[in-house]
Trainee: 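Right, I'll just put the structure down here and ask away after.
Values below: all heavy atoms of this structure, side chains included; hydrogens, waters and symmetry mates excluded. Every value quoted in this text rests on a predicted model; they were computed, and no experiment measured them.
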Amino acid sequence: MLAFILKRLMTLPLLMFIFSVLAFILIQAPPGDFVTSYVAELAASGSSVDQLQIDALRQLYGLDQPAYMQYFKWIWRMLHGDLGISLDFQKPISELIGQRLLLTVLLGVATLIFTFAVALPIGIFSATRQYSFLDYFFTVFNYVGVATPTFMTALILMWLAFSQFGITITGLFSPEFADESWSWARVIDLSKHIWLPMVILGLDGTARLARILRANLLDELNKPYMEMARAKGMPEWRLVLKYPVRLALNPLVSSLGWYLPLIFSGSLIVATVLNLPTIGPLLLRSLISQDMFLAGTIVLTYFGLAVIGTLLSDILLAWLDPRIRMEEA
Amino acid sequence: MRPTLTIERCQLGSESFVNNETILSVKGLKTEFVLDEGTAKAVDGVSFKVDRGQVVGIVGESGCGKSVTIKSIMGIIQKPGKIVEGRIFFRLKQNEELVDLRSYDSRGEEMRNIRGNDIALIPQEPMAALSPVHTIGNQLVEAIRLHRNISKKEAEKVAVERMRQVGMPSPEERMSVYSWQLSGGLRQRVMIAMALMCNPRLLIADEPTTAIDVTTQAQVLSLLRELQSAQELAMIFITHDLGVVAQIADYVVVMYLGKVVEKGPVDDIFHSPGHPYTKALLASIPTIHTPAREELPTIGGSLPHPFNRPMGCPFHPRCAAFIPGTCDKIPPTLTKISSQHSVSCFLHSENLVDTQ
Ligand SMILES: Nc1ncnc2c1ncn2[C@@H]1O[C@H](COP(=O)(O)OP(=O)(O)OP(=O)(O)O)[C@@H](O)[C@H]1O
Ligand SMILES: [Mg+2]
């Protein structure tokens, strides 16, 4: 098991290098750079900048150098723990991202837990009581859940909350805590607000997961080991939990690898709609203003989260399934 | 009151029906699968009994209802299957009366206490019957802890002991191994060890040698025979191979399309088979007298679809001794041709009808 984890960890630096290049290319892809959009913005507001000033700005930010030099300088600073400053906000990026990253991960993990906590019982119930009324009910519910775009759910719920109860359900904190530093009261305030975005973000995944689990379980429930367990005299519910659920879980765990990053990045639109202080909306803004170092850092952070998610799911899968553990060790 | 079967009542029907040694007595068992396409009568009125220390072999082609018969006995038939008729009498303790297992809820605690404890199963495919993600030890320990209130440590001791009994090399180390790390023969030994965990009174082996090669087959057979005679176990041995039956069974039940077509002591079945189907099965066993490369006789025709079984005798479309006007019109009944030997065929219909 340890050898397996070490082997996985060893591939990390290479992966991160490849991803950093990819992130850089992505950020560089749109025509123009930060100065172009900065000048355009100024021009739009009526003031003009002369060429000399523009060149000076480019030089200041190192934008006059060839792309590969910019990349190496960026990476070099990153490796030394300096994320650079946001051109747009004129603030250190670490300061901008720090708390948002924490909240993003927190929300992501909460969503994941919600997803599994709801999808597991639904999936198990639907499979063991196939074609019962509730099975049909959940099936319809799951289709609706998968088919409705998440931001739509968010908008509908916001509208309902506002029109019916006159409350706004945006953000992760009450106004008085929004810019406070961490305290117990703030954590409690967060726990009061986090569940709604959690449910909204998790609905889609929950529906998908429940459907996959139901299908996997239906496959497992007819296997001879079920018959064997019954022949041993095992109570039905215990047997279902010990054998088929356990086996049907494996493909789900391996899907965690792509699901985790999906929650983190997929929350971009919802986070914007719900005005969440996560890194999604920040990425959107940095992309619009071509704030390349901020955008690059965020994209790379997403990659990092994806890599960690995959790593975690691999480890979990190896721990759950001896066939994988022993094959790869 | 649970329906029990007393010796007196049985004797009213037939003099040789049950005795003090009888452990299991199946009477008129019918199990159906109701599907959209129709109803498959998988088991259609099967009766037989098993005495202490006796091995009853159930023989028949694939799909004739052997597995469904024993699943019905164990109460593990799943939807859309259902036992629709018949009684399954089982003696829970020596010197106690027989109890009808059908009077218990098949998922209820009483029936669960019997499964794995009093009646144990050696399944058809050991590979598929073992969980690939749980160790052998885990599954063996579970088998006994479901029925005995003992610690994990003690259960592990029993498991190692049973594995040694079934001739598993280095049993302690095998406890932490997974099913897919074992060879087919060893896997089958694990299944036998698992079946023996609780010292069952009745052992049911469902084609235990089909999935393994011939040499290992012989080893597993002699192991089963040894274990069975040492403990005077009652055993049902299912196979589609009459050759295997000859090696292990005392009494043989021949099934065709969910019905018993012939049953009798193993010597009678082999030396004076009464049913054309049994004769055909016997003719297809290779012997040392069979000339090499000569094709073995096969039974002509194929098994009819379970939804449209033929009128009259189910075997008549493939039968060499088919009597037109009789075999395709009236279903034959099981008829005694000697004290323990019955045949369901019009060639023997002048004899008494067997009431078992
Ligand atoms: N789960 C099921 N659903 C529908 N029909 C079934 C099911 N299980 C068994 N049957 C029916 O019962 C018949 C007998 O099946 P069974 O498994 O008892 O055969 P078998 O004699 O054990 O054959 P084999 O030697 O292949 O194991 C089959 O032909 C089929 O029509
Ligand atoms: Mg079978």
Trainee: I need the contact set between residues 153-166 of chain B and chain A: heavy-atom distance under 4.5 Å, sorted by residue number.
Mentor: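 Within residues 153-166 of chain B, no residue comes under 4.5 Å of chain A, counting heavy atoms only.
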Trainee: Going by an N to O cut-off under 4.0 Å, is there a salt bridge joining Asp314(A) and Arg8(A)?
Mentor: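 Counted as a salt bridge, because a side-chain N and a carboxylate O are separated by less than 4.0 Å.
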Trainee: Is a donor from one side chain sitting under 3.5 angstrom from an acceptor on the other, for Ser72(B) and Thr31(B)?
Mentor: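 Yes, a side-chain donor-acceptor pair sits under 3.5 Å.
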Trainee: Quick check on Met197(B) against chain A: is it the side chain, the backbone, both or neither that has a heavy atom closer than 4.5 Å?
Mentor: neither
Trainee: Of the listed residues (Ala128(B), Gly116(B), Ala120(B)), which shares the most heavy-atom pairs with chain A below a 4.5 Å separation?
Mentor: Ala128(B)
Trainee: Is it the side chain or the backbone of Arg246(A) that comes within 4.5 Å of chain B heavy atoms, both, or neither?
Mentor: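 Looking at Arg246(A), just its side chain touches chain B.
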Trainee: Would you please classify the geometry between the Tyr243(A) ring and the Tyr225(A) ring as parallel, tilted or perpendicular, with 30° and 60° separating the classes?
Mentor: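 Tyr225(A) vs Tyr243(A) ring planes: tilted.
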Trainee: Using non-hydrogen atoms and a limit below 4.5 Å, what part of residues 177-191 of chain B faces chain A?
Mentor: Tyr178(B), Trp180(B), Gln181(B), Met191(B)
Trainee: Decide if atom CD of Glu173(B) counts as having more than 12 heavy atoms of other residues, nucleotides or ligands within a radius under 6.0 Å.
Mentor: no
Trainee: Would you please test Val34(B) and Lys82(B) for side chain to side chain contact (heavy atoms under 4.5 Å, CB included) and show each step?
Mentor: CA-CA 8 Å; Val34(B) 181; Lys82(B) 194 172 184 299; over 6 Å; no
Trainee: Select one option (side chain, backbone, both, neither) describing which atoms of Lys71(B) are under 4.5 Å from chain A's heavy atoms.
Mentor: side chain
Trainee: Side chain, backbone, both or neither: which part of Leu320(A) has a heavy atom under 4.5 Å from chain B?
Mentor: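 The backbone, not the side chain.
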Trainee: Given heavy-atom pairs under 4.5 angstrom as the criterion, report whether the side chain, backbone, both or neither of Leu146(B) touches chain A.
Mentor: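 Side chain only.
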Trainee: Name the member of Pro224(A), Pro322(A), Pro235(A) that forms the most heavy-atom pairs with chain B at distances under 4.5 Å.
Mentor: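 Among the listed options, the one with the most contacts to chain B is Pro322(A).
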Trainee: Would you please test Ser67(B) and Asp206(B) for side-chain hydrogen bond (donor to acceptor under 3.5 Å, both in side chains) and show each step?
Mentor: CA-CA 7 Å; Ser67(B) 296; Asp206(B) 190 355; 2.8 Å; yes
Trainee: For Gln78(B), is it the side chain, the backbone, both or neither that has a heavy atom under 4.5 Å from a heavy atom of chain A?
Mentor: side chain
Trainee: For residues Asn138(B) and Lys152(B), is any side-chain donor paired with an opposing acceptor at under 3.5 Å?
Mentor: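 The criterion, which ignores hydrogens and geometry beyond distance, is not satisfied for Lys152(B) and Asn138(B).
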Trainee: Begin with the C-alpha distance, continue with both residues' side-chain angles, and end with the deciding distance and a verdict on side chain to side chain contact (heavy atoms under 4.5 Å, CB included) for Thr69(B) and Met255(B).
Mentor: CA-CA 10 Å; Thr69(B) 302; Met255(B) 281 183 73; 3.7 Å; yes
Trainee: Are a donor atom and an acceptor atom from the side chains of Asn117(B) and Arg148(B) found within less than 3.5 Å of each other?
Mentor: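 Yes.
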Trainee: Should Asp321(A) and Arg323(A) be marked as a salt bridge (Lys or Arg N to Asp or Glu O under 4.0 Å) after you check the CA-CA gap, both sets of side-chain angles, and the distance that decides it?
Mentor: CA-CA 5 Å; Asp321(A) 195 335; Arg323(A) 288 167 295 188; 3.1 Å; yes
Trainee: Is it true that a side-chain atom of Arg211(A) and a backbone atom of Asn142(A) form a donor plus acceptor pair closer than 3.5 Å?
Mentor: no
Trainee: Is it true that atom CZ of Arg238(A) has more than 12 heavy atoms of other residues, nucleotides or ligands lying nearer than 6.0 Å?
Mentor: no
Trainee: Pick one of side chain, backbone, both or neither for Ala143(B), based on which atoms fall under 4.5 Å of a heavy atom in chain A.
Mentor: both
Trainee: Between Glu109(B) and chain A, which part of the residue has a heavy atom less than 4.5 Å away: side chain, backbone, both or neither?
Mentor: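 Contact with chain A: none, neither part.
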Trainee: If you measure only the distance, is there a donor-acceptor pair under 3.5 Å linking the side chains of Thr216(B) and Asp213(B)?
Mentor: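 Checked: Thr216(B)/Asp213(B) side chains pair up, N/O donor to acceptor below 3.5 Å.
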Trainee: Using a 4.5 Å cut-off on heavy atoms from C-beta on, say whether the side chain of Leu276(A) contacts that of Thr104(A).
Mentor: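 A side-chain contact under 4.5 Å is absent here.
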